[in-house]
Amino acid sequence: MTYDAGHYDVIVIGAGHAGVEAAAASARRGAKTLMLSLNLDMIAFMPCNPSIGGPAKGIVVREVDALGGLMGRVIDKTHIQMRLLNTRKGPAVRALRAQADKPLYLKEMKRLLENQENLTLRQGMVEKILVEDDQVKGVVTETKAAYYAPSVIVTTGTFMRGRVIIGDLSYESGPNNQRPTVTLSEQLEELGIEMVRFKTGTPMRVNSHTIDYSKTEIQPGETEPRSFSYETTEFITDQIPCWLTYTNETTHEVINENLGLSPMYSGMIKGTGPRYCPSIEDKVVRFNDKPRHQIFLEPEGRDTEEVYVQGLSTSLPEYVQKQMMETVPGLENAEIMRAGYAIEYDSVVPTQLWPTLETKQIDGLFTAGQINGTSGYEEAAGQGLMAGINAAAKTLDLEPLILDRSEGYIGVMIDDLVTKGTREPYRLLTSRAEFRLMLRHDNADLRLTEKGYELGLIPEERYNRFTEKRRKIEEEKKRLENEIVKATEDVQDIVKESGTTPLKEAVRASDLLRRPEIDYSYIERLTPSDIALTADEKEQVEIQIKYSGYIKKSLEQIEKMRNMESKKIPDYIDYDAIQGLASEAADRLKAVQPLSVGQASRVSGVNPADISILLVYIEQGNVARVSG
Amino acid sequence: MDTDTIAAISTPTGEGAIAIVRLSGDDAVSRANELFQGKDLTTVDSHTMHYGKLLDPETGEIAEEVMASVMRAPKTFTREDIVEINCHGGLVSVNRVLEIVLAQGARLAEPGEFTKRAFLNGRIDLSQAEAVMDLIRAKTDRAMNVALKQMDGRLSVLIQNLRQKLLETLAQVEVNIDYPEYDDVEEMTNDIMQEKTAEVRDEIENLLQTAKQGKILREGLATAIIGRPNVGKSSLMNTLVHENKAIVTEVPGTTRDVIEEYVNVRGVPLRLVDTAGIRETEDIVERIGVERSRQVLTEADLILLVLNYGDELTEEDVKLFEAARDMNMIVLLNKTDLDQKIDIERVKELAGDNPVISTSLIQEEGIDQLENAISSTFFEGEIDSGDMTYVSNVRHVQLLKQSKQALEDAREGMEMGVPIDVVQIDVTRTWELLGEIVGDTVGESLIDELFSQFCLGK
Ligand SMILES: Cc1cc2nc3c(=O)[nH]c(=O)nc-3n(C[C@H](O)[C@H](O)[C@H](O)COP(=O)(O)OP(=O)(O)OC[C@H]3O[C@@H](n4cnc5c(N)ncnc54)[C@H](O)[C@@H]3O)c2cc1C
Ligand SMILES: Nc1nc2c(ncn2[C@@H]2O[C@H](COP(=O)(O)OP(=O)(O)O)[C@@H](O)[C@H]2O)c(=O)[nH]1
Ligand SMILES: [Mg+2]
């Protein structure tokens, strides 16, 4: 029989990247929060690559940080290498990527959580979610502890009926031989929640001592101090390199000869894998004209000899994995410490969720992370944060937080998931964002800190620092819009130095800054500011002025989108009763239940005429109410 | 509600002597006023009508004579400001007016949109709401059908190809952004991008050209008959009209000197314009005619210059050759039944590459040769109208123009050194606009392209 183990405002099941952010955000909003997980030594474990950030994903980390989340702060303290990517491209697509010290990352995350007010950590396998009349009541663990809460967030990742596959070997398991979760998956199905089967995979890890690095190319880190978090003040400067090598024709021969043994091709794997993370056998088959594929050797930490072999993700039998490596320069004698494998798991069809990540079916039940059909640590963290914020709001009767597509990659991701769903594990890409010039790595704080502060996720002191920064940027922009640079000899010298054409007459400083060759450092020399600006602030001034034309265009489009977004669809709407609505559109709308006309317009199978009709129908209701 | 200004032809097409283009929206009056030469429409009383001229904003020239009615909110059909531009009832005029209004910045109204606005602004009572929705559905379906029918299968293929070209370029930009560590993907540089976008821009430009040709097919090749008095211009017109079935007979407009007739010559529709005769004159009434003639001349697609075979070449004839220089021209030596006085060598010299045809209209001679010359001028011998792709739908033309603009913006950005991922915003826009033509704007295609074209992942 169960025993009453305590009452909470919010319970989080799982301590992966989604779980930890959910728990911390909920606690920071003031909800008494319990985080339950299988193994407290595996908090925020990275089952795959030892890396955080990258294009789009790195921007999510910054957004999480701007809303008070943990990921940025933790990786800033525990990386072995950090780089700013796409520096030669425009500001919209720059992003940070860090190589993580995996064991250290886990430890630091655990420390932060242990010291989080309002948060309780407990080890335990949740067996069942308590539901009465479609309303969540709590959870029960396999040791029969019953915990009660009006809001529960499920973040159980790839554990849901997980099955590991290597060659013809297959067994029920979570990632890295952890116990799988079977009963929860079954229960969700019983509750009427539709699930799909996805798969992913990971490459082998090898012992560093057995790699011949002389046959590989070095990939050093950067010495420039960088950080994800706006709170970080100390930077790690001794960076550890990664290494680059390649597969070759012989490697591909080995793979081709053994294709029959691959569970992917033998039909043993039924789940849908992500296209952006193909296994090496996939790559060789689909791109058979490519003579070689890149392999990055990434250390898993400072105090471990394990090295992650990025590029060789595979579910071929272990001995084939060994044969494959023997053909790769530098890896000829590499010893496999852990073999690569594929994993299949259940995930929730995400169109069953509200944009708050609450399920439509069960009141108070939220899901976040890989369970929602995404893949990736950052995607999980972003959803976890939002689910935590909203679950706390639900219990405490506070304002929920929904980010729209112009406010953050987090908004783009969640809108995509709940509006369109996904047919494969979903990964964020910059191309998914229509306003990516606005969703920059450099302005995540300007976009979100205000919101974070309003919701109580950002401390007063940090908020004050932020408003000061914002004020200085605005002031400097205004100054440059008014400042006239005269075409004196001194000025012309500096102007010429930049490589741009000399001034014909006096110009506004802001117009000068719009020239491609001129960056803020020149402006600074031509017309120094009275106030001391930080590097971040200067960058902000430069980007906002330089791209003002494009930014203005984006803002106009955003305005249009918001206009449609602001037309709310009442929850009592009966799509079948709307005359003229195409029946396919009505079916899709019934399934997705969009909250606004804007969201409705993004549902697949709904065309502009349907949207017009919907608009008229909704306005009709408004008219009726006004005149009645 | 959106209050951007929408416009559409609000009279049935091809019927009636007068057609109306209607604008509705917050800035309907100011927009119309910008195009209108006459009274300041922004200050006239509501519900009044004014005579004036409509200027083509692209050329700054006078395009049409119109009457504009100004009706201010709220006592209008849509409860927004409305301007109705009344023009000549033919397809040519009304389409021209619509195009001008759209070029100025009004948006082409969606099917049923005026009615929708009327409803949303509370003009139509509640019980009519469902009728409105039916109307939108019906009109949309019909418009789609019409658009589909108007859309040549070849056009659709062409647009799809252009989109594919852009998509490949975009995918390459994306892959450089999302997978910067992959060294085997060619870096998409501004140079490559310039090259690719130039190809697409040229093709869009070509399509817009065919839109013009398509328009000629629909509206007729504007053909001006010029010549000194009495050389036989009116006779030529009569002959052509008599020989060929007139398609439409337009009422002579407000000018008494220019007469238009529509005829079909061997598959080439001609809009014949007989001018009052171009020559220097002090007579005020005649002058108006001459002004008009000069204008007719510059707008003409084809000039038929008539000379008198039985007369010496005059100073005036030479001036006419000059006025028509660089234009498509056919020279007629009329009245071959008379004794030759004209210097044929000189005429051929003046005519240059243009054909010179001898006729005697009175004896009905040389008319076949003339018609052959007309037909081959348009089809240039080899072009057979069956093989051409015409863009004819106003919406398609509008979208093509916008696509071209977006692409020009992208190219301007590249020239100014704007980073490629920012330039890409405009290229993506082009791709979306082209997608609207073929009714395909599904967002996943780029990501699909990305992963099918490049080998990525761990
Ligand atoms: C083999 C493999 C390869 C991957 N490859 C990639 C890749 O290449 N690229 C990429 O971006 N992402 C990859 N991922 C995905 C990435 O690891 C996940 O997206 C991310 O970790 C998901 O975070 P999460 O918090 O949703 O779930 P997880 O990190 O899986 O965390 C789930 C948590 O729930 C707990 N839990 C599970 N069941 C219960 C229960 N019943 N009771 C209590 N606690 C429970 C677990 O202990 C764990 O703490 C891979 C994952 C795996 C397993
Ligand atoms: N002899 C002769 N007379 C012609 C010919 N064509 C036209 N005319 C006459 O020339 C006169 C002027 O013709 P018209 O068509 O009115 O000339 P317009 O002033 O150029 O329009 C009329 O009397 C016609 O009958 C022709 O081929 N031969
Ligand atoms: Mg005459």
Side-chain angles (χ1 to χ4, degrees), chain A residues 48-49 54-56 85-86 88-93 202-203 244 274-279 282-283 286-287 290 292-294 296 310-313 420 429-432 434 436-437 515-517 547 550 553-554 563 578-582 602 604 608-609 612-613 615-617 619-620 623-624 627, chain B residues 1-2 110-113 116 119-120 122 125-126 129-141 144 170-171 173-174 176-184 187 409 413 416-426 428-429 439 442-444 446-448 450-452 454-458:
Chain A
C48 199
N49 54 333
L85 306 173
N86 288 334
R88 298 206 329 279
K89 303 195 177 81
V93 297
T202 193
L244 173 63
R275 279 172 301 173
Y276 43 81
C277 284
S279 57
D282 259 350
K283 292 197 245 182
R286 283 183 45 214
F287 297 92
K290 285 197 69 171
R292 62 177 202 176
H293 297 277
Q294 285 170 309
F296 293 95
Q310 208 242 71
L312 279 189
S313 174
K420 298 186 187 134
L429 297 162
T430 59
S431 48
R432 296 198 195 268
E434 45 280 78
R436 73 178 173 204
L437 184 58
R515 292 195 181 180
E517 300 86 358
Y547 299 102
Y550 287 93
K553 249 196 245 176
S554 295
N563 186 20
I578 304 180
Q579 239 179 34
L581 205 59
R602 292 188 294 275
S604 60
S612 286
I613 286 164
L615 263 175
V616 170
Y617 185 84
E619 296 289 328
Q620 173 193 354
V623 173
S627 52
Chain B
M1 214 34 241
D2 301 352
E110 308 278 338
E113 196 170 0
K116 185 172 106 188
F119 168 72
L120 292 180
D125 86 22
L126 260 177
E130 288 184 346
V132 173
M133 287 188 272
D134 280 347
L135 185 89
I136 291 174
R137 176 96 265 162
K139 282 208 174 185
T140 307
D141 289 347
M144 297 259 265
L170 287 170
V173 175
E174 296 303 329
N176 294 154
I177 293 169
D178 276 322
Y179 295 88
E181 68 273 26
Y182 282 85
D183 59 5
D184 50 356
E187 179 90 21
D409 289 350
M416 281 170 42
V418 173
I420 198 142
D421 51 280
V422 178
V423 164
Q424 197 253 13
I425 294 173
D426 287 318
T428 307
R429 177 95 191 106
V442 199
E444 279 286 297
L446 178 57
I447 288 157
D448 291 342
L450 196 69
F451 293 115
S452 66
F454 302 102
C455 177
L456 308 160
K458 57 183 177 181

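This is a predicted model, so every value here is computed, not measured. So that the names make sense, note that chain A is the first sequence line, chain B the second, and so on, each numbered from 1.
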Practice problem: Indicate the atoms forming the closest heavy-atom contact of P91(A) with P419(B), along with that distance. | Solution: CD-CG, 4.4 Å
Practice problem: Heavy atoms only, distances under 4.5 angstrom: which of L437(A), V93(A), D282(A) has the most pairs with chain B? Name it, please. | Solution: V93(A)
Quiz prompt | Under 4.5 Å from any heavy atom of chain A - which part of I177(B) | solution = both
Exercise. Applying salt bridge (Lys or Arg N to Asp or Glu O under 4.0 Å), name anything that partners D409(B), two or more places apart in sequence or on another chain.
Key: K553(A)
Quiz item: Is E174(B) close to L429(A) at the side-chain level, that is, under 4.5 Å between some pair of heavy atoms?
Solution: no
Quiz prompt | Approximate separation, where rounding is to 0.5 Å, of T430(A) OG1 and D421(B) CG | solution = 8.5 Å
Quiz prompt | Atom pair CZ/CD of R436(A) and Q424(B) - distance to nearest 0.5 Å | solution = 4.0 Å
Quiz item: If you look at every heavy atom in D178(B) and P55(A), which pair is closest and at what distance?
Solution: OD1-CB, 3.4 Å
Exercise. Answer with side chain, backbone, both or neither: which region of R515(A) has an atom nearer than 4.5 Å to a non-hydrogen atom of chain B?
Key: neither
